[in-house]
Amino acid sequence: MNNLNLLAQIIGFGGTALTIIAYQQNKRKKILGCTVISAALFAIHYIILGAYTGAIMNILAGTRSLVFMNNTKKWAKSKVWVAVFMVIYTVACIATWDKWYSVLPLIAMLLTTVSNWFQSEKKIRFLTFPSSPCWLVYNILNASYAGIITEIFVMSSLIIAIIRFDLKKYSVIQRNRFLLILDCFYV
């Protein structure tokens, strides 16, 4: 590993820390605030690695989080923002297309765009979870060790947060059904 790659991984691990912290927050604004900084660090990380689809997706993710964080204000309330970001993500993916797996960050970002629009922290967590496997494969194929670790922690963090915040109101039987479904992802 050369010095530039080492620098990329260190910067990426800063993004990792903020991503893990984000999903343990119990307020939507705090979740999105952490993701803004994390996205900036990961954009730099991917630029250094030469993974430009991942870089542009993170730049757009930071911008998206800033808009959605303010969606109680008149300028940011419109649902049009969801469509605008989905179109911008698609165009950015096409513009930075490298290999077949360039579509994986696009799928992930479309899912998180919809999830981040919701006011419900529960919906944010449940809709964000499927994006992690997409990023995990992309990170493996781009040798983003920080990204790989991030997605493992994100999936774990989301599961913990879902159990802590979202399933505590459910019966033991309902929780066990959810955990059984999660087991299917790890088989």
Side-chain angles (χ1 to χ4, degrees), residues 1-66 68-69 85 89 92-93 96 98-116 121 123-166 182 185-186:
M1 181 181 299
N2 64 34
N3 289 340
L4 196 55
N5 192 289
L6 180 60
L7 175 64
Q9 301 304 332
I10 291 168
I11 292 168
F13 280 116
T16 299
L18 286 165
T19 300
I20 293 167
I21 291 167
Y23 294 109
Q24 291 305 309
Q25 303 303 310
N26 62 355
K27 296 292 181 196
R28 180 179 179 278
K29 202 164 192 166
K30 288 181 181 179
I31 292 170
L32 295 175
C34 287
T35 62
V36 169
I37 300 166
S38 175
L41 291 172
F42 269 108
I44 296 166
H45 167 78
Y46 286 122
I47 288 169
I48 295 170
L49 291 178
Y52 299 112
T53 301
I56 194 68
M57 294 296 168
N58 274 278
I59 291 167
L60 293 170
T63 305
R64 179 198 62 204
S65 291
L66 286 171
F68 288 177
M69 201 163 52
F85 279 111
Y89 277 122
C93 180
T96 60
D98 184 29
K99 294 184 172 81
W100 68 268
Y101 51 86
S102 294
V103 75
L104 296 173
L106 172 63
I107 293 167
M109 299 318 272
L110 295 177
L111 286 169
T112 55
T113 296
V114 172
S115 75
N116 288 347
E121 293 83 4
K123 288 180 182 178
I124 291 172
R125 285 186 281 271
F126 274 98
L127 285 172
T128 299
F129 187 85
S131 70
S132 282
C134 294
W135 275 112
L136 181 62
V137 172
Y138 182 80
N139 288 323
I140 290 168
L141 296 172
N142 281 290
S144 169
Y145 306 118
I148 293 166
I149 299 297
T150 296
E151 294 313 321
I152 291 168
F153 277 108
V154 164
M155 287 187 280
S156 301
S157 180
L158 281 167
I159 291 167
I160 290 166
I162 288 167
I163 292 168
R164 275 182 63 203
F165 299 121
D166 305 323
L182 289 178
F185 286 105
Y186 293 103

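What you see is a predicted model, and the numbers here were worked out from it, not measured in a lab.
The shortest heavy-atom contact between Gln9 and Ala143 is NE2-O, 3.2 Å. Closest heavy-atom contact between His45 and Ala8: ND1-O, 2.5 Å. When all heavy atoms of Ala161 and Arg125 are compared, the pair lying nearest together is CB-CD, 3.4 Å. Closest of all the heavy-atom pairs between Leu111 and Leu127 is CB-O, 3.9 Å. When all heavy atoms of Tyr89 and Met109 are compared, the closest pair comes out as OH-CE, 3.4 Å. The shortest non-hydrogen separation linking Asn5 to Asn2 is N-OD1, 2.6 Å.
For the atom pair OG1 of Thr96 and CG of Leu106, the computed distance is 9.0 Å after rounding to the nearest 0.5 Å. The OH atom of Tyr101 sits 9.0 Å away from the OG1 atom of Thr53 when rounded to the nearest 0.5 Å. To the nearest 0.5 Å, atom CD1 of residue Ile152 and atom OG of residue Ser157 are 13.5 Å apart. The line from CG of Leu60 to CD1 of Ile56 is 5.0 Å long, rounded to the nearest 0.5 Å. Once rounded to the nearest 0.5 Å, the distance linking OG of Ser156 with CD1 of Ile20 reads 8.5 Å. Separation of atoms CD1 (Ile44) and CD1 (Ile48) is listed at 7.0 Å; rounding is to 0.5 Å.
Using a 4.5 Å cut-off on side-chain heavy atoms (C-beta onward), Cys134 and Glu151 make no contact. Annotation: side chain of Phe153 is not in contact with side chain of Thr19 (no heavy-atom distance under 4.5 Å). Looking at heavy atoms from C-beta onward, Ile149 lies in side-chain contact with Phe13 at the 4.5 angstrom threshold. Side-chain contact between Ile159 and Phe129 is present, with heavy atoms from C-beta onward closer than 4.5 Å.
The closest donor-acceptor contact from the side chain of Ser132 to the backbone of Thr128 lies at 3.5 Å or more, if one exists at all. Between the side chain of Asn142 and the backbone N or O of Ser144 there is no donor-acceptor pair closer than 3.5 Å. Between the side chain of Thr35 and the backbone N or O of Leu32, at least one donor-acceptor pair lies under 3.5 Å. Side-chain N or O atoms of Ser38 include none that pairs as donor or acceptor with a backbone N or O of Leu18 at under 3.5 Å.
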Asn139/Phe42 under side-chain contact (heavy atoms from CB on, under 4.5 Å): CA gap, chis, key distance, verdict: CA-CA 11 Å; Asn139 288 323; Phe42 269 108; 5.9 Å; no

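Crowding of Asn26 atom CG: a count of heavy atoms from other residues, nucleotides or ligands under 6.0 Å exceeding 12. When the shell of 6.0 Å around OH of Tyr145 is examined, it contains 12 or fewer heavy atoms from other residues, nucleotides or ligands.
Taking the six-membered ring for Trp and thresholds of 30 and 60 degrees, Trp135 and Tyr46 have nearly parallel ring planes, at less than 30 degrees apart.
A donor and an acceptor atom, one from each side chain of Ser131 and Thr112, are nowhere located under 3.5 Å apart.
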